[in-house]
> 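Sharing a structure here in structure tokens format.
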Amino acid sequence: MANVEHGGAGNALGAGASGVATARLGAARAALWVIAAVLAIRQVAAVLRLPPGERLTDLETWTGPGGVLHVEGSLYDADVFTGTPFAGLVLRPLTSAAEEALGWGWTFGTLLLVVVLGLVAARALPQPVSRRTSLLAAPVAICLLMISLPVRNTLYLGQTSILPVLLVLLGCFAARGERLSGALIGVAAALQPTVLLFAPLLWLTGRRRAAASTGVTFAACTALAWAALPHDSRTYWVHHLAGAGLGERPDSLANQSLHGALLRLGLQGPLETALFLMLGAAVAVVGLRRAVRYARDGQLLLAVALTGCVAAVVSPTTWQHQLLWVLLAVVGRVGRRESDRYVWPVAVVLVMTLPAKMMLPNMAMLHPLRDNVVLIAAVAAACAVPFLPRTSPYYRTPVPTDYAEPAPSRWSRVPLLPFWRRVLSRPNLLLELLLIRVGYSAYSHVRLAATGGRAAAEEHGEQIHAIEKALFIDIEHWANHTVVKVPWLEGFFNFYYSSFHFVVPLTILGVLYARRPADYRWARSALGLATLLALLGFWLYPLAPPRLMPDLGFVDTVHGVQDFSQPDYGALTALTNQYAAMPSLHFGWSLWCGIVIVVLAPKWWMKALGLLHPLFTVSAIVVTANHWVLDAAGGAAVVGAGFALTHVLSGPRSRIPLKAAGAVSTEPEKAPDRTPS
């Protein structure tokens, strides 16, 4: 009886837990669909609210007095239309549409293609997939497509580049019969000739009838266009060698092909052509061999993505709206450890959704990488990234993440986010660098945008000055003029203010990453939350620092005499916000450094040295007239809030021995022994 009752209670608990998990999954799925709908509405609004001359610019250039493609002479006379003659022939039925109706229809039609593309891609995921993945894949795919640069570019310009990708996916995953499959891919190749590379993929994976159908359909469509538009066909295929050189300058940053990269590097003429052909052939051979291998392994969607990446690389011109293939490569699994699985998808999503300048700093030595970041991602996917085969023991069972035991807390509701558990293993360095760079870039953009205006900033400066007078802490003017009278002291604080703001926090993060990975995550989270809170201060309370307050007589020891209408912040004037002073992150970050050192340093003298940095920093920001004393108090408040939020959200910091914190297993988890005893 007891066993029956116990079993019944266990079944009830299991059913209850399953019901809760199902409810959460349903809520997550509904939320993702809502996000996808909001993104779609936003994209439509962003396009349609533009003046007619600024939206669908490529589509508008094809519009003559009688409608689309009713232009005098050749399609290619204006050097704007870059599609194939067959694409021009396909667009012919649109000539009778009114311009306004065409814009609305084109925008909503493109969105419909994006939705269908996301649904097909979600159904084509390599099997087996979990129930959670199968339910969430479609809305996630549509959301990623909506925010991707190729889709946004297509909607803005009015291009047809989504259609070839969709036709290929339909041919590979939805068409019944090899002939129909090949016909769909052949039509895609007639719209975008490098799609013909899918014919070798089909042939080498045993779908020879589909490969033959692809070639026949491509030839038939091209011949039809040649018969209907002989002059344009001759221009495209003969004079421009399959469209090479049409549209923008081939060496512009918009051309993310191998040919465009070589031109941007300064290569021209026969040498550039020979090098392009040689490197293109190498990429095609390596990429197609890898695609065939993954197709035979049962990862056909990954094989399609790799083939598309090869097509983008070897094309003479590959514009931004033709690069959706790179985003599809996100389906590949990379890494043996569970924590490494996020590196490749995060890198691909960042590359395909953010401007290149947010990925890499604006340094001359990094310009070749920054200017070709999408091309590099395509080449890496096609030729280098070690995607796991399904036969690998790590494909379905990666090395699990090592979590610390929850530390006891004084409050029963802490942590508020139980899934945000303390991780003992060292985070992936590439992923950390990517997120830190993108996070800081986003922070800089928001900080720069939160200006608030000079009048409001000076009014707030008067308020802060009055409060400090009432509290008898208005020491800025005295400290500033006292230090100015001592040249060596002025030089020391100027150097300290301009030199240690980034060096010390980055050094501490580097040491923690190498020696104390669990504490690195704790400290990094607190610093990130404090910085986010500081952005609220910049938005809500723009504040003029003492050096930018007229009539108060402060001396800007770092930058010299200022023009208050156009203050000078040295080389970073255009990259920073002069009125982002409350709270002071100069002091806030230094206080974070001091707290981390005091908490983690093993020796008392190390703790004492750690406190010198915030002491010197608060002195430097005050005596150089770059901050008020209350700015430092604000910096201390956001840092304290950052540590408090980290504690509340993820629980107390786990005290882990150094060896345990750095230990990471590299072997897959063994299945339990089920041999009967």
Side-chain angles (χ1 to χ4, degrees), residues 443-444 447-469 471-505 534-535 537-539 541-591 613-636:
Y443 157 77
S444 299
R447 187 177 187 268
L448 185 60
T451 55
R454 177 187 173 188
E458 290 181 358
E459 180 183 353
H460 293 157
E462 295 288 354
Q463 293 174 1
I464 293 293
H465 194 212
I467 294 173
E468 290 190 353
K469 281 185 176 181
L471 297 175
F472 301 103
I473 58 173
D474 56 325
I475 63 171
E476 294 88 357
H477 191 277
W478 167 82
N480 178 241
H481 282 261
T482 300
V483 169
V484 167
K485 297 175 183 177
V486 185
W488 69 267
L489 195 57
E490 177 187 357
F492 169 76
F493 281 119
N494 288 347
F495 174 77
Y496 204 93
Y497 175 83
S498 58
S499 301
F500 289 87
H501 181 45
F502 293 104
V503 172
V504 178
L535 285 177
F538 301 155
W539 271 106
Y541 200 77
L543 174 65
R547 69 182 182 87
L548 295 182
M549 288 295 295
D551 305 326
L552 291 186
F554 285 95
V555 178
D556 188 345
T557 62
V558 178
H559 311 103
V561 180
Q562 294 292 304
D563 176 0
F564 294 114
S565 62
Q566 293 182 335
D568 183 14
Y569 201 61
L572 299 178
T573 299
L575 302 177
T576 190
N577 178 4
Q578 312 298 311
Y579 302 127
M582 171 62 82
S584 168
L585 281 186
H586 246 89
F587 176 69
W589 287 4
S590 69
L591 180 62
H613 179 51
L615 176 62
F616 285 152
T617 300
V618 71
S619 302
I621 64 175
V622 171
V623 303
T624 60
N626 276 282
H627 282 284
W628 305 95
V629 171
L630 287 180
D631 295 347

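Just so you know, residue 1 is the first one in the sequence shown, and it goes up from there.
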> Looking only at heavy atoms, what is the nearest atom pair of Val618 and Ile621, with distance?
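Smallest heavy-atom distance, with atoms named: O-CG1, 3.3 Å.
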> Would you check if the side chain of Trp628 reaches a backbone N or O of Leu543 as a donor-acceptor pair within less than 3.5 Å?
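No.
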> Which word best sums up how the rings of Tyr497 and His586 line up, parallel for under 30°, tilted for 30 to 60°, or perpendicular for over 60°?
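Tyr497 vs His586 ring planes: parallel.
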> Are the side chains of Ile464 and Tyr541 in touch, meaning some heavy atoms are under 4.5 Å apart?
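Side chain of Ile464 against side chain of Tyr541, heavy atoms only: contact under 4.5 Å found.
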> Indicate the atoms forming the closest heavy-atom contact of Pro545 with Ala625, along with that distance.
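Smallest heavy-atom distance, with atoms named: CB-O, 4.2 Å.
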> Heavy atoms only: give me the nearest Trp478-Thr482 pair and the separation to one decimal.
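Of all heavy-atom pairs spanning Trp478 and Thr482, the closest is O-OG1, 2.6 Å.
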> Check side-chain contact (heavy atoms from CB on, under 4.5 Å) between Ile473 and all other residues, then give those that pass, not counting sequence neighbours.
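side-chain contact (heavy atoms from CB on, under 4.5 Å) list for Ile473, sorted by chain: Glu468, Leu471, Val629, Leu630.
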> Okay, side chain of His460, backbone of Pro542: is any donor-acceptor separation there less than 3.5 Å?
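Looks like yes, one N/O pair under 3.5 Å.
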> Does the pair Leu585 and Phe538 meet the rule for a side-chain contact (heavy atoms from CB on, under 4.5 Å), with working shown?
CA-CA 11 Å; Leu585 281 186; Phe538 301 155; 4.2 Å; yes
> Does any non-hydrogen side-chain atom of Phe500 lie less than 4.5 Å from one of Ser590?
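No, every pair of side-chain atoms sits at 4.5 Å or beyond.
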> Mind telling me whether Tyr496 and Phe492 have parallel, tilted or perpendicular rings, with 30° and 60° as the class edges?
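Tilted, since the angle between the ring planes falls between 30° and 60°.
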> Report yes or no: does Asn494 contribute a side-chain atom to a donor-acceptor pair with the main-chain N or O of Thr557 at less than 3.5 Å?
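It does hold such a pair.
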> Should the heavy atoms of other residues, nucleotides or ligands under 6.0 Å from CZ of Phe472 be counted, would the total exceed 12?
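No, CZ of Phe472 has 12 or fewer neighbouring heavy atoms, counting only those of other groups under 6.0 Å.
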> Please report the shortest heavy-atom distance between Gly537 and Pro583, naming the atom on each side.
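Gly537 and Pro583 have their closest heavy atoms at CA-CD, 4.1 Å.
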> If you define the side chain from C-beta out and look only at heavy atoms, does anything of His627 sit under 4.5 Å from Ser584?
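They are in side-chain contact.
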> For Lys469, which residues count as a side-chain contact (heavy atoms from CB on, under 4.5 Å) partner, sequence neighbours excluded?
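With sequence neighbours excluded, Lys469 shows a side-chain contact (heavy atoms from CB on, under 4.5 Å) to His465, Asp474, given in chain and number order.
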> Under the ring-ring contact (aromatic ring centres under 6.0 Å, His included) rule, what do His477 and Phe554 come out as? Steps first, then yes or no, please.
CA-CA 6 Å; His477 191 277; Phe554 285 95; 5.5 Å; yes
> Shortest non-hydrogen contact from Ala636 to Phe587?
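It is CB-CE2, 3.9 Å.
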> In this structure, which one of Leu552, Val555, Val623 forms a side-chain contact (heavy atoms from CB on, under 4.5 Å) with Asn480?
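So the option named by the test is Val555.
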